[in-house]
Amino acid sequence: MQECCCVWDWYELGPVHTVRVASAGSWRAPGGAVPSLGLAGDTSGVLHLSLNAEAMRINQNTVLQGQRVTLVPYTSAHVPRYHEWMQSEELQRLTASEPLSLEQEYEMQRSWRDDPDKCTFIVLDTQRRSGQAQEDEDCMVGDVNLFLTNTEDPTLGEIEIMIAEPSYRGRGFGKEATLMMMSYGVRNLGITKFEAKIGLENEASICMFKKLHFKEVAVNSVFQEVTLRLDVSDQERRWLLEQTNHVEEKSYVELKLPAGVPET
């Protein structure tokens, strides 16, 4: 039997509805999974590939370093800290749910790594990570995800950003992480449309996404959430790439290797 609990991700300050399936070890957006993925191709157009585990593991060795945040792949080393977040009494109260066991959290991490309908990065504090030579686990502030939820449109991505550390909310960390993930989706995954589902009471997050040019397209009275959407026109693409032209892409393996140790 599947054990599931409703969980609310935090866009800067408040919750957004998703469903966490413990036994399957995965996050599922309301729309479900999709069977194909668009990857950025040459100038002749977008190359559509059949979805498989390797396709959505495209970011498994990718680090995106911005001014405030650095995005890294979600690995097993991040699980204990993530597990601590999900023990939060605040989150439990907001979600009316029980926390997962550490073993279930490891299962979920493996699913996030392998699932063909999601792309996940852990959000780190750039200054803390570089200035004090801290391990990733000591610099974690949240995560950012892209879900492919439309079986008929592989160019549509549902974006979620969670800033789990309360002291980092409302300081621009979520905004930069969102822009970086959107840019990555456009450049590497062939995404041309984004959606965000946000709780109606979460005015700060709705305002943030509207500042990123998202428009309100629907309200769900059952889940008490609003759906915001951005269609990435040529103009929007140029704007998005300009907003993230400071981002450096690096190899995660090389950054984790001790000095002088060759990559294998």
Side-chain angles (χ1 to χ4, degrees), residues 2 4-12 15-22 24-40 46 48-60 62 64 71 73-74 82 86 95 107-123 142-164 174 177-199 202 205 208-209 212 214 217-218 220 223 225-232 240:
Q2 287 190 339
C4 62
C5 52
C6 291
V7 183
W8 302 77
D9 260 359
W10 288 79
Y11 287 92
E12 289 283 6
V16 174
H17 183 266
T18 58
V19 178
R20 199 180 195 207
V21 184
S26 64
W27 287 84
R28 295 291 179 186
V34 294
S36 61
L37 168 66
L39 294 180
V46 175
H48 296 289
L49 300 178
S50 296
L51 257 183
N52 53 56
E54 291 303 317
M56 284 309 271
R57 293 180 67 178
I58 188 174
N59 71 324
Q60 64 181 324
T62 300
L64 303 176
L71 307 185
Y74 185 27
Y82 201 97
M86 302 315 295
T95 61
E107 292 176 0
M108 188 164 292
Q109 179 272 325
R110 288 190 290 270
S111 174
W112 283 8
R113 179 193 64 194
D114 296 337
D115 270 13
D117 61 348
K118 63 173 65 67
C119 183
T120 297
F121 284 102
I122 291 293
V123 181
D143 72 336
V144 62
N145 306 280
L146 269 178
F147 295 98
L148 303 181
T149 60
N150 190 319
T151 58
E152 298 180 355
D153 187 357
T155 67
L156 172 64
E158 183 177 329
I159 190 164
E160 293 183 353
I161 173 73
M162 179 178 77
I163 300 301
T178 301
L179 283 168
M180 288 166 63
M181 181 57 124
M182 290 170 60
S183 177
Y184 185 81
V186 166
R187 290 183 294 106
N188 296 280
L189 303 177
I191 302 299
T192 62
K193 297 176 284 291
F194 292 96
E195 286 188 351
K197 293 178 167 53
I198 306 173
N202 191 352
S205 294
M208 185 195 82
F209 274 93
L212 299 183
F214 281 67
V217 295
N220 188 314
F223 288 119
E225 67 183 16
V226 60
T227 297
L228 303 176
R229 183 181 174 107
L230 173 65
D231 293 331
V232 185
L240 180 60

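Just so it is clear, the values below take in all heavy atoms, side chains as well, and ignore hydrogens, waters and symmetry mates.
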Check your understanding: Considering only heavy atoms from C-beta outward, does the side chain of Asp153 approach that of Lys193 to under 4.5 Å?
Key -> yes
Point to revise | Pairwise side-chain contact, Val123 with Ile161, heavy-atom cut-off 4.5 Å (strictly under) | key: yes
Review point. Out of Ile122, Asp143, Asn145, Asn59, which residue meets the side chain to side chain contact (heavy atoms under 4.5 Å, CB included) rule with Tyr74?
Key: Ile122
Review point. Just one of Ile58, Ile191, Leu146, Val144 clears the side chain to side chain contact (heavy atoms under 4.5 Å, CB included) bar with Tyr184, so which one?
Key: Ile58
**Study point:** 4.5 Å side-chain heavy-atom contact, Leu240 and Leu179
**Key:** yes
Review point. In terms of the angle between their ring planes, are Phe214 and Phe209 parallel, tilted or perpendicular, with boundaries placed at 30° and 60°?
Key: perpendicular
Point to revise | Spacing of Leu228 atom CG and Glu225 atom CD [to the nearest 0.5 Å] | key: 10.0 Å
Point to revise | Interatomic distance, Thr155 atom OG1 to Phe194 atom CZ [nearest 0.5 angstrom] | key: 10.0 Å
Check your understanding: CG of Leu71 to CE of Met181: how many Å apart, nearest 0.5 Å?
Key -> 7.0 Å
Review point. Is there a donor-acceptor pair under 3.5 Å between the side chain of Asp115 and the backbone N or O of Lys118?
Key: no
Review point. With a 4.5 Å heavy-atom cut-off, do Thr178 and Met208 have their side chains touching?
Key: yes
Review point. In Å, rounded to the nearest 0.5 Å, how long is the span from CG of Asp231 to CD of Glu195?
Key: 9.0 Å
Check your understanding: Can you check whether Met162 reaches Tyr82 side chain to side chain, under 4.5 Å on heavy atoms?
Key -> yes
Practice item. Starting at CG of Asn220, measure out to CD1 of Ile198 and round the result to the nearest 0.5 Å. Key: 13.5 Å
**Study point:** Nearest-0.5 Å distance, CG of residue Leu212 to CE of residue Met182
**Key:** 6.0 Å
